[in-house]
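I have placed the structure first, in the form of structure tokens, so that the comments after it can refer back to it.
Keep in mind it's a predicted model, so treat the numbers as computed, not measured.
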Amino acid sequence: MTDSEKLDLLLSQIQGINGHIGHIGQIEKQNADTFKELMNVEREVLKSQDAIKALNAKYDTLLLKADNSTLLLKLIDRQAEEMSELKERVTQLESKLA
């Protein structure tokens, strides 16, 4: 094999290596892009989790308010019954005094 052929073979091998290096660079760029996208997804997941926590807190508050409203309505009903009983007793006492 002549020196010229050896140089051509060497040049061919170097070009092949450079092609592989370029391909590795593309893979590294794809990996970096994929990593950035994963970080963006993770950030969005965290935002969603925070929003879910806030919604759960609001839901719990609304449940407590609903429970309180129910209790207040029961209390009002009981007071109305007591008021009715008191009116009846007053009427009875008035009729006794009359």
Item to check | Value rounded to 0.5 Å, distance of CD in Glu94 from CD in Gln92 | outcome: 11.0 Å
Checklist entry - About how many Å separate OG1 of Thr91 and CG of Leu86, when rounded to the nearest 0.5 Å? => result 10.5 Å
Checklist entry - For the atom pair CG (Asp33) and CD (Glu28), what is the distance rounded to the nearest 0.5 Å? => result 12.0 Å
Next on the checklist: Between Glu42 and Met39, is there a side-chain heavy-atom distance shorter than 4.5 Å?
Outcome noted: yes
Checklist entry - When rounded to the nearest 0.5 angstrom, what is the spacing between CG in Leu10 and CD1 in Ile14? => result 4.5 Å
Checklist entry - Any sub-3.5 Å donor-acceptor pair from Ser48's side-chain atoms to Glu44's backbone N or O? => result yes
Checklist outcome for this item: OG1 (Thr34) and CD1 (Ile27) are apart, to the nearest 0.5 Å, by 11.5 Å
Checklist entry - Knowing that exactly one of Asn68, Leu63, Asp67, Thr61 qualifies, which makes a side chain to side chain contact (heavy atoms under 4.5 Å, CB included) with Lys65? => result Thr61
Next on the checklist: Using 0.5 Å steps for rounding, measure from the CD atom of Glu82 to the CZ atom of Arg89.
Outcome noted: 11.0 Å
Item to check | From CA spacing to verdict: side-chain contact (heavy atoms from CB on, under 4.5 Å), Asn40, Arg43 | outcome: CA-CA 5 Å; Asn40 288 337; Arg43 194 174 313 115; 2.8 Å; yes
